[in-house]
Amino acid sequence: MAKKSISQKRTERQQQENQALNRVFLVFLLGLAAECYLFFVYRGYVVGTVSAMLAWRNVLRYGAVIGLVLLIAGAALAVMSYKKGDRKKGAISCWAAGVGAFFAVSGWIMSTFYPAGVTVMCVLVPVVTVLGLVLFLYQRECFLTTLAMCGSFLAVWVCGDGANSLAWRIPIMIGAILGLVILAALALLVRKAQQDEGKLMGLRVLPVDCAYKVVYAGLAVCFVCVLAALVYAPAAYYILWALGIAVFVEMVYFTTKMM
């Protein structure tokens with residue numbers, strides 16, 4: 001097999017960079033559209049009239065059902081398309097499934113938890129958008145570590161905010177313990193992938209030159225922070241600052257690694 005010339009390699013790299021930028025731009029636009037949609041929901045559902053609130057409740061419930069159908073159909077079509085080798089159709093199906101997931105999850109949250117669900121979605125959408133940008137701009141291990149830290153940030157905040165709630169204290173503790181189990185499972189999966197040069201069940205999930213020490217350190221920080229917030233909830237405010245500093249240090253490290 002003939003080796004690729006320098007010009008061919010440069011062209012392929014340019015194409016990959018253009019694809020990544022197009023994905024980033026699309027993620028940004030979808031996040032912006034989602035925030036605009038949530039703004040209209042807030043104006044009509046939370047601070048609007050009673051009739052507007054009832055109308056929006058129906059819209060959210062029907063939207064959740066339609067979104068769930070779109071999610072299932074998009075995911076199924078994506079699997080079939082990738083099996084046939086049609087990557088373009090598979091990518092479109094994945095984006096459609098993502099839009100369906102947004103309407104399904106947001107509709108259920110906002111119609112079930114009123115009015116706090118709208119606030120949660122207004123915070124969740126920018127976070128998911130940033131995670132999407134990290135996924136397409138940075139290394140896979142950076143995305144994994146950032147995802148774990150964002151989830152831990154949420155868990156610590158919930159532990160601190162709901163510590164004095166008699167109604168939500170037990171569910172919050174169960175959720176925090178479940179988060180600890182997930183972090184431990186992630187560490188085990190990363191270890192298994194490391195033993196097989198970044199592969200799980202034959203699929204590459206991490207690059208060959210993955211910074212495993214940084215991933216393990218990030219997961220360990222997340223585990224300790226969630227455990228500390230679970231044991232002593234009043235310290236959650238300071239733990240959030242520690243997690244914020246950890247995210248900043250992590251992003252600086254991976255940004256420097258890309259240069």
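- Using a 4.5 Å heavy-atom threshold, the side chains of Leu200 and Lys192 count as touching.
- The cluster map of Ile, Leu, Val, Met, Phe, Trp and Tyr, joined by side-chain heavy atoms under 4.5 Å apart, puts Phe248 and Val156 in different clusters.
- None of Tyr62, Phe113, Phe102 except one satisfies the ring pair (Phe, Tyr, Trp, His ring centres under 6.0 Å) rule with Trp108; the exception is Phe113.
- Atom CD1 of Ile177 sits about 9.5 Å away from atom CG of Leu227, to the nearest 0.5 Å.
- The same ILVMFWY cluster, assembled from side-chain heavy atoms under 4.5 Å apart, contains both Val46 and Leu54.
- A pairwise comparison of heavy atoms in Ala148 and Leu219 identifies CB-CD2, 3.7 Å as the closest pair.
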>> Using side chain to side chain donor-acceptor pair (under 3.5 Å), reason through Thr119 and Tyr42 one step at a time and then give a plain yes or no.
In response: CA-CA 9 Å; Thr119 303; Tyr42 179 81; over 6 Å; no
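- The two residues Ala155 and Val226 have their closest heavy-atom pair at CB-CG2, 4.2 Å.
- Of the possible donor and acceptor atoms, one in the side chain of Tyr45 sits under 3.5 Å from a partner among the backbone N and O of Met110.
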>> Is there a side-chain contact (heavy atoms from CB on, under 4.5 Å) between Phe254 and Val134? Walk through the geometry before answering.
In response: CA-CA 10 Å; Phe254 283 110; Val134 172; over 6 Å; no
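- Counting heavy atoms from C-beta on, the side chains of Thr129 and Val27 come closer than 4.5 Å.
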>> ring-ring contact (aromatic ring centres under 6.0 Å, His included) for Phe103 and Tyr37? Distances and angles first, verdict last.
In response: CA-CA 10 Å; Phe103 282 106; Tyr37 167 74; 5.4 Å; yes
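- Separation of atoms CG (Leu240) and CG (Leu154) is listed at 10.0 Å; rounding is to 0.5 Å.
- No path of Ile, Leu, Val, Met, Phe, Trp and Tyr side chains, each step under 4.5 Å between heavy atoms, connects Val65 with Val105, placing them in separate hydrophobic clusters.
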> Step by step, would you call Leu189 with Val205 a side-chain contact (heavy atoms from CB on, under 4.5 Å)?
Replying inline: CA-CA 10 Å; Leu189 289 175; Val205 293; over 6 Å; no
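- Within a 6.0 Å radius of CD in Glu35, other residues, nucleotides and ligands contribute more than 12 heavy atoms.
- Within a 6.0 Å radius of OH in Tyr238, no more than 12 heavy atoms belonging to other residues, nucleotides or ligands are found.
- When all heavy atoms are compared, the tightest approach of Thr145 to Gly218 is CG2-CA, 4.0 Å.
- Side-chain atoms of Arg57 come within 3.5 Å of backbone N or O of Ser111 as a donor-acceptor pair.
- Residues Ala78 and Gly90 come closest through the heavy atom pair CB-O, 3.8 Å.
- When all heavy atoms of Tyr212 and Ala193 are compared, the closest pair comes out as OH-O, 4.0 Å.
- Here OG of Ser152 is found 4.5 Å from CG of Leu183. Values are rounded to the nearest 0.5 Å.
- A continuous path of ILVMFWY side-chain contacts below 4.5 Å connects Val247 to Leu131, so both sit in one hydrophobic cluster.
- The distance from the CD atom of Glu141 to the OG1 atom of Thr146 is 10.0 Å, given to the nearest 0.5 Å.
- Atoms OH and CD1, from Tyr232 and Ile239 in turn, are 10.5 Å apart once rounded to the nearest 0.5 Å.
- Contact between Ala211 and Tyr253 at its shortest, heavy atoms only, is CB-OH, 3.7 Å.
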>> For Val215 and Leu206: C-alpha separation, side-chain torsions, deciding distance, then whether side-chain contact (heavy atoms from CB on, under 4.5 Å) applies.
In response: CA-CA 11 Å; Val215 176; Leu206 293 172; 5.8 Å; no
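- Criterion: ILVMFWY side-chain heavy atoms under 4.5 Å apart, direct or through other members. Under it, Leu60 and Val120 are not part of a common hydrophobic cluster.
- Here the straight-line distance linking atom CZ of Arg61 with atom OG1 of Thr112 works out to 8.0 Å at 0.5 Å rounding.
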> Given Gln139 and Asp209, is the side-chain contact (heavy atoms from CB on, under 4.5 Å) satisfied, shown in steps?
Replying inline: CA-CA 10 Å; Gln139 305 91 335; Asp209 59 344; over 6 Å; no
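- More than 12 heavy atoms of other residues, nucleotides or ligands shown are found within 6.0 angstrom of CE on Met251.
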>> If you apply the rule side chain to side chain donor-acceptor pair (under 3.5 Å), what do you find for Gln194 with Tyr216, and how did you get there?
In response: CA-CA 11 Å; Gln194 183 180 9; Tyr216 289 133; 2.7 Å; yes
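- Below 30°, between 30° and 60°, or above 60°: for Trp95 and Phe136 the angle between ring planes is between 30° and 60°, a tilted geometry.
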